[in-house]
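Structure record follows, encoded as structure tokens.
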Amino acid sequence: MKTDVLKFYKLEEKEQVITLVKYKGEYKYFLCDREYWVMDWNIRYENYSMVCNEQERERFSIRTLDETNCDRLINELREESVEELQKEFFFRYEVSDNIWDLLDIYPVMLVDFDACMLYVLKLYEAINYEMYIPLHWEYTFVWDSCISGLIPDDFSYWKKDNVDYLALFAEKYHKKTNDDF
């Protein structure tokens, strides 16, 4: 695999996720530890009778992440460019016949701090994020095609020339899988 795309290689094994954040009307992608998006660590650690001091330090001492303090986290994280994500996506599109290789770099959630809404991709099951949102927030599970509809086209790095290549790949993958039976 090319060295310029290794950063995105096997994200699930690294426990990292790609997340799209909307804050003050602006969208930004981040690649970071999936634990960063457990919004209310008080609830999480209460459920597991754990101390969250170490995790809290890792997330810049933000115990409950919401619209009032998200700028602290956003300012600490490295934003991923749409161009870089698109490059990785189309590299995988050309060399792989496995849909999971593409879904590995698909955003697992959209965190909309403006609307206090969390959209979680239904296929992603590593953490039950919906259990750990602030009380005034809402959440919903979405399928890949639904989350795609929530994301502006200029942030949909799996689209090129008005063609949704993830949908094309999924169609091809499902056809191949059905033909194998």
Side-chain angles (χ1 to χ4, degrees), residues 7-23 27-80 85 88-89 92 98-152 155-158 166-167 169-170 173-174:
K7 173 171 69 172
F8 298 107
Y9 187 65
K10 297 193 178 196
L11 294 180
E12 180 58 31
E13 290 178 16
K14 296 181 197 174
E15 297 189 352
Q16 294 187 320
V17 294
I18 295 173
T19 302
L20 181 62
V21 169
K22 181 181 178 191
Y23 180 57
Y27 291 86
K28 295 181 180 184
Y29 278 109
F30 297 102
L31 168 65
C32 60
D33 189 300
R34 64 185 179 198
E35 292 282 335
Y36 280 17
W37 304 110
V38 172
M39 298 183 74
D40 193 331
W41 280 347
N42 295 318
I43 297 171
R44 178 160 178 139
Y45 292 100
E46 185 178 289
N47 289 348
Y48 291 104
S49 300
M50 299 167 68
V51 177
C52 66
N53 293 337
E54 184 177 324
Q55 290 285 352
E56 184 181 348
R57 277 193 304 275
E58 287 182 20
R59 192 170 72 180
F60 317 105
S61 300
I62 303 170
R63 193 169 276 229
T64 301
L65 178 65
D66 65 13
E67 70 285 356
T68 65
N69 59 13
C70 64
D71 55 333
R72 288 177 40 211
L73 178 64
I74 290 169
N75 291 332
E76 293 292 335
L77 298 178
R78 179 181 177 269
E79 182 180 354
E80 299 296 333
L85 290 165
E88 172 70 12
F89 177 86
R92 291 181 186 210
N98 186 336
I99 193 149
W100 296 106
D101 288 339
L102 294 180
L103 289 176
D104 190 38
I105 64 159
Y106 197 71
V108 300
M109 69 185 77
L110 166 59
V111 183
D112 186 341
F113 287 105
D114 295 344
C116 299
M117 185 71 182
L118 177 67
Y119 301 92
V120 179
L121 186 63
K122 186 69 172 161
L123 298 174
Y124 188 75
E125 299 175 357
I127 297 175
N128 296 327
Y129 293 99
E130 73 281 2
M131 293 175 60
Y132 311 112
I133 60 172
L135 293 176
H136 63 286
W137 273 61
E138 295 183 33
Y139 73 91
T140 189
F141 291 111
V142 292
W143 293 102
D144 59 341
S145 60
C146 296
I147 201 169
S148 183
L150 298 168
I151 299 173
F155 282 86
S156 300
Y157 53 86
W158 52 93
L166 183 63
F169 193 88
Y173 178 76
H174 291 302

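All residue numbers in this chain count up from 1 along the given sequence.
Across Ile151 and Ser156, no two heavy atoms sit closer than the pair O-OG, 3.5 Å. Residue Ile62 comes nearest to Leu73 through the heavy atom pair CD1-N, 3.8 Å, listed as atom of the first residue, atom of the second, then distance. Nearest heavy atom pair, residue Val142 against residue Tyr119, reads CG1-CD2, 4.2 Å. A pairwise comparison of heavy atoms in Tyr36 and Leu77 identifies CE2-CD2, 3.5 Å as the closest pair. For Asp66 against Thr68, the heavy-atom pair with the smallest separation is OD1-OG1, 2.5 Å.
The neighbour count for Glu138 CD, taken as heavy atoms of other residues, nucleotides or ligands under 6.0 Å away, does not exceed 12.
Note that CG of Asp104 is 10.0 Å distant from CD of Gln16, once rounded to the nearest 0.5 Å. Taken to the nearest 0.5 Å, the CG atom of Leu110 stands 11.5 Å off from the OG1 atom of Thr140.
Taking 4.0 Å as the cut-off between side-chain N and carboxylate O, Glu88 and Arg92 count as a salt-bridged pair.
By the 4.5 Å heavy-atom criterion applied to side chains, Phe30 and Arg78 are not counted as neighbours. When side chains are defined from C-beta on, Ile18 does not count as touching Tyr106, because their heavy atoms never get closer than 4.5 Å. Side-chain contact between Val120 and Val108: absent, with no pair of heavy atoms (C-beta onward) separated by less than 4.5 Å. Here the side chains of Leu31 and Val17 are not in contact, with every heavy-atom distance at 4.5 Å or above. Side-chain contact between Tyr129 and Met131: absent, with no pair of heavy atoms (C-beta onward) separated by less than 4.5 Å. Considering only heavy atoms from C-beta on, Val38 comes within 4.5 Å of Ile127 through its side chain. Two residues are said to be in side-chain contact when any heavy atoms from C-beta on lie closer than 4.5 Å; Arg72 and Leu65 fail this criterion. A heavy-atom distance below 4.5 Å is not found between the side chains of Phe155 and Pro107.
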| query | What's the verdict on side chain to side chain contact (heavy atoms under 4.5 Å, CB included) for Cys116 and Glu67, showing C-alpha distance, side-chain angles and the deciding distance? | reply | CA-CA 7 Å; Cys116 299; Glu67 70 285 356; 3.4 Å; yes
| field | Stepwise side chain to side chain contact (heavy atoms under 4.5 Å, CB included) check, Met109 with Val111 | value | CA-CA 6 Å; Met109 69 185 77; Val111 183; 3.8 Å; yes
| After noting the C-alpha distance and the side-chain angles of Tyr27 and Val21, does the key distance pass the side chain to side chain contact (heavy atoms under 4.5 Å, CB included) rule? | CA-CA 6 Å; Tyr27 291 86; Val21 169; over 6 Å; no
| task | Take Tyr23 and Ile74 through the side chain to side chain contact (heavy atoms under 4.5 Å, CB included) test and state the conclusion after the steps. | result | CA-CA 9 Å; Tyr23 180 57; Ile74 290 169; 3.9 Å; yes
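Using a 30° and 60° split on the angle between ring planes, Phe89 and Tyr157 fall in the perpendicular class, above 60°. Ring pair Phe113/Trp137 is perpendicular by interplanar angle, where above 60° counts as perpendicular and below 30° as parallel.
For Asp114, there are no side-chain hydrogen bond (donor to acceptor under 3.5 Å, both in side chains) partners two or more places apart in sequence or in a different chain.
Looking at Asn42, Asp40, Asn69 one by one, the single match for side-chain hydrogen bond (donor to acceptor under 3.5 Å, both in side chains) with Arg63 turns out to be Asn42.
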